[in-house]
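Here the structure is a predicted model, which means the values were calculated and not measured.
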Amino acid sequence: MKKNENVILTRDVRAMLVPSGDRITLKKGQQVTITQALGGSYTVLILGNMARIDGADADVLGMQADKPEIPTDDKPTEGPDLEAQVWDQLRACYDPEIPVNIVDLGLIYDLNIVPLGDGHGHRASIKMTLTAVGCGMGPVITDDARLKVLSVAGI
């Protein structure tokens, strides 16, 4: 994908207006400009508005749909390697308006990983903020971070 590439939507697709977070339907045959393809989602411009398309719907843009990462190793990682993997997953979460991940934006204030009492993994507690008070994309960014962190074996 080239930055600012124009594509024609191949089918109707649910999207989210940025930054309000309102759900919309983009229609088959509409032209969009892809402005960002990072972290498994796409930000497009359409009729002067930005919208976020989930990676699972990448086919609408003529690309291969993203499949969620599922840990293949049943053995949980321990110690610093586990923390490094969690940080890597957080770095894969991007603000849909700007091509910067939430770690580099300074939105993550604290990461604490503690073993679960039953010996079957760890709990990751993350303190984060958003780029603006009342950001409509807040729940989307938060859910993206949660799902990515949960894809780490042992969390």
Side-chain angles (χ1 to χ4, degrees), residues 1-3 5 11-26 32 34-45 49-155:
M1 186 226 54
K2 299 174 197 163
K3 187 172 178 162
E5 179 179 352
R11 62 175 171 81
D12 289 359
V13 64
R14 297 287 292 162
M16 197 171 287
L17 279 178
V18 176
S20 72
D22 294 334
R23 293 255 178 213
I24 60 171
T25 299
L26 303 177
V32 299
I34 302 171
T35 62
Q36 181 171 294
L38 298 166
S41 65
Y42 301 87
T43 302
V44 298
L45 282 177
N49 295 295
M50 281 194 295
R52 180 185 184 272
I53 297 175
D54 190 71
D57 290 315
D59 64 292
V60 76
L61 301 168
M63 298 180 192
Q64 187 171 352
D66 289 344
K67 294 179 182 168
E69 286 188 34
I70 299 170
T72 56
D73 187 358
D74 291 337
K75 184 180 177 198
T77 307
E78 298 288 334
D81 289 339
L82 181 60
E83 184 172 337
Q85 288 179 30
V86 171
W87 280 110
D88 286 345
Q89 289 299 319
L90 291 170
R91 283 185 188 91
C93 299
Y94 286 83
D95 183 299
E97 292 182 84
I98 53 177
V100 180
N101 69 66
I102 63 174
V103 173
D104 291 343
L105 277 172
L107 303 183
I108 306 298
Y109 285 92
D110 187 45
L111 169 61
N112 189 16
I113 299 175
V114 294
L116 294 173
D118 62 7
H120 291 94
H122 297 78
R123 173 182 300 278
S125 297
I126 300 164
K127 290 182 185 175
M128 66 181 284
T129 189
L130 299 173
T131 55
V133 175
C135 174
M137 295 305 293
V140 174
I141 295 170
T142 302
D143 195 46
D144 189 31
R146 181 182 64 79
L147 292 173
K148 284 186 166 96
V149 168
L150 287 174
S151 75
V152 176
I155 295 294

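- Interatomic distance, CG of D104 versus CG of D95, reported as 12.0 Å (0.5 Å rounding).
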Can you check side chain to side chain contact (heavy atoms under 4.5 Å, CB included) on M63 and I34, steps first, answer last? CA-CA 12 Å; M63 298 180 192; I34 302 171; 3.5 Å; yes

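- Here the side chain of E97 pairs no donor or acceptor atom with the backbone of M50 at under 3.5 angstrom.
- Taken from CD in Q64 to CG in D59, the straight-line distance is 10.0 Å, to the nearest 0.5 Å.
- If you take CG on L105 and CZ on R91, they are separated by 12.5 Å, rounding to the nearest 0.5 Å.
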Show your reasoning for whether side chain to side chain contact (heavy atoms under 4.5 Å, CB included) applies to V32 and L61. CA-CA 9 Å; V32 299; L61 301 168; 3.9 Å; yes

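- Atoms CD1 and CG, on I98 and L38 in that order, are 11.0 Å from each other to the nearest 0.5 Å.
- In terms of heavy-atom proximity, C135 sits nearest to P139 at O-CD, 4.1 Å.
- Contact detail for R123 and L116: the closest heavy-atom pair is CB-CD2, 3.9 Å.
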Going through the checks in order, is the side chain to side chain contact (heavy atoms under 4.5 Å, CB included) test met by I155 and Q85? CA-CA 10 Å; I155 295 294; Q85 288 179 30; over 6 Å; no

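- For the residue pair R52 and P96, the shortest heavy atom distance occurs at CD-CB, 4.3 Å.
- Looking only at atom types and distance, the side chain of R14 has a donor-acceptor partner in the side chain of T25 under 3.5 Å away.
- When all heavy atoms of G138 and L130 are compared, the pair lying nearest together is CA-CD1, 3.4 Å.
- Checking side-chain atoms of D54 against main-chain N and O of D57 turns up no donor-acceptor pair under 3.5 Å.
- Separation of atoms CG (L26) and CE (M16) is listed at 12.0 Å; rounding is to 0.5 Å.
- The distance from the CZ atom of R23 to the CG atom of L17 is 10.5 Å, given to the nearest 0.5 Å.
- Scanning both residues, Y94 and Q36, for their nearest heavy atoms gives CB-NE2, 4.0 Å.
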Side chain to side chain contact (heavy atoms under 4.5 Å, CB included) evaluation trace for V149 with L90: CA-CA 7 Å; V149 168; L90 291 170; 3.7 Å; yes

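- Within a 6.0 Å radius of CZ in R11, more than 12 heavy atoms belonging to other residues, nucleotides or ligands are found.
- Listed for the T35 side chain is a donor-acceptor partner under 3.5 Å among the backbone atoms of T43.
- I102 and A145 make their closest contact through CD1-CB, 4.2 Å (heavy atoms, listed as atom of the first residue, atom of the second, distance).
- Applying the salt bridge (charged side-chain N to carboxylate O under 4.0 Å, His left out) test to pairs two or more places apart or on separate chains, those with a residue in residues 130-146 are D143-R146, D144-K148.
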